[in-house]
Amino acid sequence: MRIGYACKLIGAANADMKSCTLKNASSEKLTELIRHNINSLNTMIDYNIENNIKLFRISSDLIPFGSSEVNKIKWWETFSEEIRCIGNKIKKSSMRVSLHPGQYTVLNSNNKDVAIKAVEELVYHTRILDSLGVNSQHKVVLHIGGAYDNKRLSVERFAENYKLLPDNVKKRLVIENDDKIYNIEEVLDIGLKLSIPVIFDNLHHQINYPKQKMSHAYWIEQCKATWKNEDGNQKIHYSQQAEQKKKGSHSDFISINQFMRFYELLGRNDIDIMLEVKDKNLSCVKCINCTTKKLNINVLEKEWSKYKYTILERSNAIYQEIIELLKDKQNFSAIAFYNLLERGLKSEGDSGSFVNAALHIWSYFENYATEKEKINFFKYLENYQNQKTGINTVKNYLKKLTEKYVQNYLMNSLYFSI
DNA sequence: TGACGTCAAGATCCG
DNA sequence: CGGATCTTGACGTCA
């Protein structure tokens, strides 16, 4: 089993995707952005390898305007060496990667231009995977599209337009149930008819389900049959509803208890789970750690070193509780650790705890910082306490000092990221 | 015509 | 001038 995350890496440097507006999209600008983004992708793949993450969705933003007329760059040639190098790392580490065009790629559109653009968009996505040199287990995920007041005709049009796809795209295409229009039963029908693997998305299913109400396990089992040998293990999407937000919104982090219940019910190893969650790699590492047998306590200690100042900022009590928990090196539970962590992350904190955490961070610099920096820091802190500025002003200044004085421990901290 | 979703770019404001 | 904060962009469908 692989557990993965989508598109974005939180808490690491040089892993961002850059873009530009259409009117600034000159060839020079685009080349510069593509170089930057491929370099960021390389950082993300390295991170995944270091953290034992074997499932990853590459951002569609890798190549800005990747399927548009404005982008005439043959990036797969210009950067062939860099891309091949990344592909080799993916293969060597048995990582599985995918791509997922968003809600605006509509293959079954009743507008011919839109459908043709969708084909081009899928060709672009496929080209990324082909350039990496990875096999057909590495997929491109697509929703079915619109209903246009006639689902039967719209499904037929999906089948018609599917024929427009080149073979290399067809080999990688998989389809997914969405939260508004095509439920899992309908997507399965299409998948079986056209021989396209189907991804079950649990949260979409919760809000858009077929008349015949069956368990998640049932639908997951039905989808399994659509995955052929050359497609690799069945893949599903898993996410949790954000509390007090509109239906379908992804949660800030994965609640580990809820995930473990899902995982136990699944009771399978021949399946890959793509998490869709705001905190991306962070929840991914959490779920991997909690499903790893005989986890080394060092892993949790490393996790704690990243989270500790964020927790200190929000709840001193929970900060102390976690330190207590980690004292027992023999009998420890990753799930108990993450439960405390989640409680800490949910805590609001107050100005006292924010100041306390900022002072802890400051202590890394007090022997190096210049007199002027010291004055600046305490001025920002006073402004915050007098409600003349937000805590971010203080934190941004500390971030600047962290980079200037190269404090590696802090550079790896999530204090500046979440 | 606006909402939907995403989030960096781009614009503007502030000290 | 630099940093913080607000607005726009880019996509297609649907109410």
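Below, chains carry the letters A, B, ... as their sequence lines are ordered, and counting in each starts from 1.
Protein atom CD1 of A:Ile181 is 9 Å distant from nucleotide atom P of C:dT13, rounded to whole Å. When rounded to the nearest whole Å, the span between CG of A:Asn111 and C1' of C:dC14 equals 15 Å. The nearest whole Å value for the distance from the CG atom in A:Leu30 to the P atom in C:dA10 is 12 Å. Residue A:Asp113 contributes atom CG, which lies 11 Å from atom P of C:dT13 at whole-angstrom precision.
Within a 6.0 Å sphere centred on CD of A:Glu230, other residues, nucleotides and ligands contribute more than 12 heavy atoms. At most 12 non-hydrogen atoms from other residues, nucleotides or ligands lie less than 6.0 angstrom from CD of A:Glu69. Surrounding OH of A:Tyr209 are at most 12 heavy atoms belonging to other residues, nucleotides or ligands under 6.0 Å away.
Mapping A:Asn110 and A:Cys20 onto DNA chain C by nearest heavy atom places A:Cys20 at the nucleotide closer to the 5' end. For the pair A:Lys23 and A:Lys8, nearest-nucleotide mapping onto DNA chain B gives the more 5' position to A:Lys8.
Contacts of A:Lys180 with the nucleic acid, taken as non-hydrogen atoms under 4.0 Å apart, are absent. Residue A:Lys246 is in sugar-phosphate contact alone, with no base atom involved, counting any heavy-atom pair closer than 4.0 Å across all strands shown. Using a 4.0 Å heavy-atom cutoff across all strands shown, A:Asn24 reaches sugar-phosphate atoms only and no base atom. Looking at heavy-atom distances under 4.0 Å, A:Ser109 makes contact with sugar-phosphate atoms alone, never a base.
A nucleotide of DNA chain B counts as in contact with chain A when one of its atoms lies under 4.0 Å from a heavy atom; the first and last such, 5' to 3', are B:dC4 to B:dG10.
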> When you check every protein heavy atom under 4.0 Å of nucleotides 3-9 of chain C, what one-letter string (B, S, -) results, 5' to 3'?
Replying inline: SS----S

>> Evaluate A:Tyr182 against A:His143 for ring pair (Phe, Tyr, Trp, His ring centres under 6.0 Å), listing each step before the verdict.
In response: CA-CA 8 Å; A:Tyr182 292 96; A:His143 293 292; 9.8 Å; no

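Using a 3.5 Å distance cut-off with no hydrogens or angles, the side chains of A:Asn37 and A:Asp61 do not pair a donor with an acceptor. A donor-acceptor contact closer than 3.5 angstrom links the side chains of A:Asn24 and A:Thr21. Inspection of the A:Asn281 and A:Asn51 side chains reveals no N or O donor paired with an N or O acceptor under 3.5 Å.
Of the side-chain N and O atoms in A:Tyr148, none sit less than 4.0 angstrom from OP1 or OP2 of C:dC14.
When the ring pair (Phe, Tyr, Trp, His ring centres under 6.0 Å) test is applied to A:Tyr5, the partners found at least two apart in sequence or on another chain are A:Phe56.
To the nearest 0.5 Å, atom CG of residue A:Leu142 and atom NE2 of residue A:His125 are 9.5 Å apart.
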